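See structure below.
Model, not experiment: these values are computed from the prediction. Numbers for residues simply follow the sequence, beginning at 1.
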Amino acid sequence: MFRKRSTDDGDELLARLGSLTAQARERAEQQRSQVELAIALQRGMLPRDLPSRPGLHLAVRYAPANQGLNVGGDWYDAFAMPDGKIGLTIGDVQGHNIEAAAFMGQVRAALRALASVTSEPGELLARTNDLLLTLGSDLFATCTFLRLDPVTGVLESARAGHIPFVWATADGKSGVVHDMGGPPLGIQPGMDYRVTRHRLSTGGVFVLLTDGVVEGPSLHVEDGLAQVVRLAGIAAVAGLKVHALAAAVIKGADHVGHDDDAAVLVVGHDGPNTPPPPAQPRVIRP
């Protein structure tokens with residue numbers, strides 16, 4: 001004979017299911033709140049305004065992680081330094097949570113603060129690295145820092161474990177900057193970061209980005225960089241605005257299958273800001 005399940009057993013089962021559902025809903029709400037807080041923290045720490053100088057053109061694009069509950073720590077920044085140069089930085093914090101977003105803010109703040117002490121890119125990264133280590137965090141960050149002279153177009157760069165940036169000139173040349181980078185920030189004290197010197201020519205561009213733009217399950221990083229090189233080359237030859245190039249580069253992030261943030265910073269320059277030659281006196285003959 002089959003034993004008839006009592007009404008009490010059914011009520012107990014329904015109560016347990018209700019309790020589990022409530023717990024799952026509560027955890028989901030907590031996770032969603034953490035993601036919303038991390039996103040707000042990210043956006044609040046990104047610069048609202050970019051520096052403006054005659055002949056200098058800057059454009060940025062940022063796309064947050066778009067899968068699941070991932071929230072990365074990508075950032076970009078551009079600011080005027082005491083010596084009149086422009087500081088440009090882009091980077092990526094290891095991790096995808098609110099701690100990564102907070103650590104991103106600490107890195108960005110450290111770079112800005114220490115830039116008032118030294119603007120030399122290699123020394124700036126070294127000092128930032130040592131400062132971050134004193135915070136006792138288990139996180140680390142990759143970063144590229146550039147110092148640009150907006151008058152001459154001379155640009156000096158140093159990399160801390162970050163993906164290389166792309167260049168293009170108005171005469172049809174383009175490529176990836178192959179320089180000697182150092183280790184990420186926040187791993188080991190006393191690191192050196194070699195500085196590489198470039199010149200941003202008239203109509204040329206530099207494209208700084210994070211790996212979420214060019215690397216993912218659907219695309220290898222070398223292929224992704226090659227796509228950005230091609231876009232930058234076309235934009236420089238055609239004389240496109242830096243905003244159009246930044247939009248085209250970030251759009252490519254949709255096709256890499258990434259679950260990470262994606263950030264792009266494009267730098268363009270009209271050439272040396274040299275005064276026109278003095279007017280020559282004209283002799284009027286009778």
Side-chain angles (χ1 to χ4, degrees), residues 38-66 71-81 85-93 100-101 104-105 107-112 115 121 141-148 150 153 155 157-160 162-168 176-177 198 200 203-215 224-225 227-229 231-232 234-236 239-256 258 260-270:
I39 292 175
L41 187 61
Q42 279 181 313
R43 295 191 179 280
M45 290 181 179
L46 295 175
R48 295 181 179 273
D49 300 304
L50 300 175
S52 176
R53 295 289 188 278
L56 175 65
H57 305 285
L58 301 176
V60 295
R61 290 293 186 275
Y62 173 78
N66 56 14
V71 178
D74 291 19
W75 84 87
Y76 61 82
D77 201 3
F79 55 93
M81 295 189 289
K85 308 288 178 58
I86 302 296
L88 304 161
T89 180
I90 196 165
D92 183 5
V93 173
M104 174 268 285
V107 178
R108 178 173 172 259
L111 286 167
R112 280 205 175 212
T142 67
C143 173
T144 294
F145 186 86
L146 284 71
R147 177 174 65 176
L148 172 65
L155 185 148
S157 69
R159 284 192 305 127
H162 198 69
I163 188 170
F165 54 98
V166 168
W167 61 274
V176 177
V177 173
H198 320 269
L200 187 56
V205 293
F206 283 116
V207 183
L208 288 73
L209 38 82
T210 58
D211 56 5
V213 181
V214 294
E215 184 179 22
L225 283 171
Q227 290 184 6
V228 177
V229 169
L231 287 172
I234 293 172
L240 297 180
K241 301 294 186 181
V242 291
H243 295 281
L245 175 56
V249 172
I250 200 70
K251 187 174 179 59
D254 296 336
H255 306 295
V256 304
H258 69 89
D260 197 2
D261 293 351
V264 175
L265 170 59
V266 179
V267 187
H269 196 254
D270 287 341

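The shortest heavy-atom contact between A236 and G203 is CB-O, 3.9 Å. A pairwise comparison of heavy atoms in P121 and S157 identifies CB-C, 4.2 Å as the closest pair. Among all heavy-atom pairs drawn from T142 and W75, the shortest one is O-CH2, 3.6 Å. Shortest non-hydrogen contact noted between A59 and H243 is CB-ND1, 3.5 Å. Nearest heavy-atom pair across M81 and G87 is CE-N, 3.8 Å. Across A263 and D74, no two heavy atoms sit closer than the pair N-OD2, 4.2 Å.
The aromatic rings of F145 and F79 sit tilted relative to each other, their planes meeting at an angle between 30° and 60°.
Rounded to the nearest 0.5 angstrom, D77 CG and L265 CG are separated by 9.0 Å. Annotation: the span from L146 atom CG to K85 atom NZ amounts to 12.5 Å, rounded to 0.5 Å. Within the model, atoms CD1 of I90 and OH of Y62 stand 11.0 Å from one another, a figure rounded to the nearest 0.5 Å.
In this structure, the side chains of V267 and L56 come closer than 4.5 Å at one or more pairs of heavy atoms. Looking at heavy atoms from C-beta onward, L155 lies out of side-chain contact with W167 at the 4.5 angstrom threshold. When side chains are defined from C-beta on, H57 does not count as touching V205, because their heavy atoms never get closer than 4.5 Å. Between L200 and F206, some side-chain heavy-atom pair lies under the 4.5 Å cut-off. Taking 4.5 Å as the limit, some side-chain heavy atom of L88 sits within range of a side-chain heavy atom of L58.
Checked by atom type and distance alone, the side chain of H162 never pairs as donor or acceptor with a backbone atom of D211 at under 3.5 Å.
The side-chain hydrogen bond (donor to acceptor under 3.5 Å, both in side chains) check on T144 picks up nothing, with sequence neighbours excluded.
No side-chain N or O of D92 forms a donor-acceptor pair with one of T210 less than 3.5 Å apart.
A side-chain contact (heavy atoms from CB on, under 4.5 Å) with V228 holds for exactly one of V214, V264, V176; it is V214. Each of I250, L245, L209 was scored for a side-chain contact (heavy atoms from CB on, under 4.5 Å) with R61, with one residue passing: I250.
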